[in-house]
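A, B, ... follow the sequence lines: proteins, then strands. Residue 1 opens every chain. Heavy atoms only: backbone and side chains are in, while hydrogens, waters and symmetry mates are out.
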Amino acid sequence: MILPSSFYDQDTIATARGLLGCSLVHAEGNETTTGMIVETEAYPRRDPAAHSFHGRTDANSVLFGPPGHAHLFFVYGMHWCMNVVTGTDEGERGAVFLRALEPVKGVPVMQERRGTHELRLLCSGPGRLTQALGITGEFNGVPLNSGPLRISSRRSVFGSHTVEESMIVQTTRVGIAKAREQPYRFYLKGNPHVSRKAGLAHRKISENGPEGI
DNA sequence: GTACTGATTTTCT
DNA sequence: GAAAATCAGTACC
């Protein structure tokens, strides 16, 4: 039931949609934490908002490697966020950003790591889900079809292919400054663990340059 | 319920 | 030096 590496070697949008309903598993020792992916964002290689857009650096080198591997990056001085490396139609790499999970297994461990018992607050956000599953920068570059970090395929989350498509909401991405209008965010309709209902970031963007120097 | 702010550090357009 | 694919807490309606 583990997704084969070939799954990730496809268009980034298709991968972002296909990962909804799949399970992210961190199994190490006797502590296993699992969450169903309920919210993703696509970052195609040529997207100005993609971390790989300006070329390869030390921090993003995994994004230029083979599909099906985890890319971890640190944001805002305190949070780890996780990408999955994909392929694209042009044979270049893209990334799927994991934004939210529905806790499935190891809830007590997640509650301890997150410092809260509220189920809604365990994995409903990119920084929260990595903390809940104990995923940090040491997982940067690991494969997702073997080892402690894996993604397994959908079970019976969707009744059929047609139902599946109707359960996916497509909207704009969160928290980015560039290419805000691109509808590259996907989530499962009605799922309470989705990080936000609205598509646009809640924080205002400065519109006409600096105003108070 | 919405709106704003501070925390904190890695990275380099 | 400034920006960053965020979160939690506070204030106010």
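The side chain of A:M78 lies closest to B:dT8, out of B:dT13, C:dA8, B:dT8. In the set C:dA4, C:dA8, C:dA5, C:dA4 carries the atom at the smallest distance from any side-chain atom of A:A177. Between B:dC12, C:dT6, C:dA8, one nucleotide has an atom nearer to the side chain of A:T57 than all others, and that is B:dC12. Taking every side-chain heavy atom of A:Y43 into account, C:dA5 is the closest of C:dA5, C:dA8, B:dT8. Comparing B:dC12, C:dA8, B:dT13 against the side chain of A:R128 picks out C:dA8 as the nearest. The listed nucleotides are B:dT11, C:dA4, B:dT9; the one nearest the side chain of A:F74 is B:dT9.
For the pair A:N83 CG and C:dA4 P, the computed distance is 16 Å after rounding to whole Å. Rounded to whole angstrom, the span from the CG atom of A:L72 across to the P atom of B:dT10 amounts to 15 Å. If you measure from atom CZ of A:R173 to atom P of C:dA4, you get 14 Å, rounded to the nearest angstrom. For the pair A:L122 CG and C:dC7 P, the interatomic distance rounds to 13 Å; values are reported in whole Å. Computed from coordinates, the A:R56 CZ to B:dT13 P distance equals 15 Å when rounded to whole Å. Rounded to an integer number of Å, the gap from CG of A:N140 to P of B:dT11 is 10 Å. C:dA5 atom C1' lies 12 Å from atom CZ of A:R180, rounded to whole Å. Taking atom CZ of residue A:F53 and atom C1' of nucleotide B:dT11, one finds them 18 Å apart after rounding to whole Å.
Between A:V85 and A:V62, the shortest heavy-atom contact is CG2-O, 3.6 Å.
With the nearest nucleotide of DNA chain B identified for both A:K178 and A:Y76, A:Y76 has the one nearer the 5' end. Comparing A:L63 and A:L121 by the nucleotide of DNA chain C whose heavy atom lies nearest to each, the residue mapping closer to the 5' end is A:L63.
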* Might you work through the salt bridge (Lys or Arg N to Asp or Glu O under 4.0 Å) test for A:E39 and A:R196, ending with a clear yes or no? => CA-CA 10 Å; A:E39 181 180 355; A:R196 293 173 193 190; over 6 Å; no

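Figure legend: cation-pi geometry between A:R173 and A:Y43, with NZ or CZ positioned under 6.0 Å from the six-membered ring centre and within 45° of its axis.
For the OP1/OP2 pair of C:dC7 and a distance below 4.0 Å, the side-chain nitrogens and oxygens of A:R114 include no atom meeting the criterion. A close approach under 4.0 Å does not occur between any side-chain nitrogen or oxygen of A:R196 and OP1 or OP2 of C:dT6. Between A:H54 and B:dC12 there is no side-chain polar atom (N or O) within less than 4.0 angstrom of OP1 or OP2.
Atom CD of A:E112 has 12 or fewer heavy atoms from other residues, nucleotides or ligands within 6.0 Å.
By the 30° and 60° cut-offs, the orientation of the rings of A:F74 relative to A:W80 is tilted. Ring geometry for A:H26 versus A:F139: interplanar angle over 60°, hence perpendicular rather than tilted (30 to 60°).
Base engagement by A:F73 is indicated by at least one non-hydrogen atom pair under 4.0 Å involving a base atom. Residue contacts shown for A:A49 include a base, since a base heavy atom lies under 4.0 Å away.
Across every strand in view, B:dT10 sits in a pair with C:dA3 that passes the Watson-Crick or G-U test at under 3.5 angstrom.
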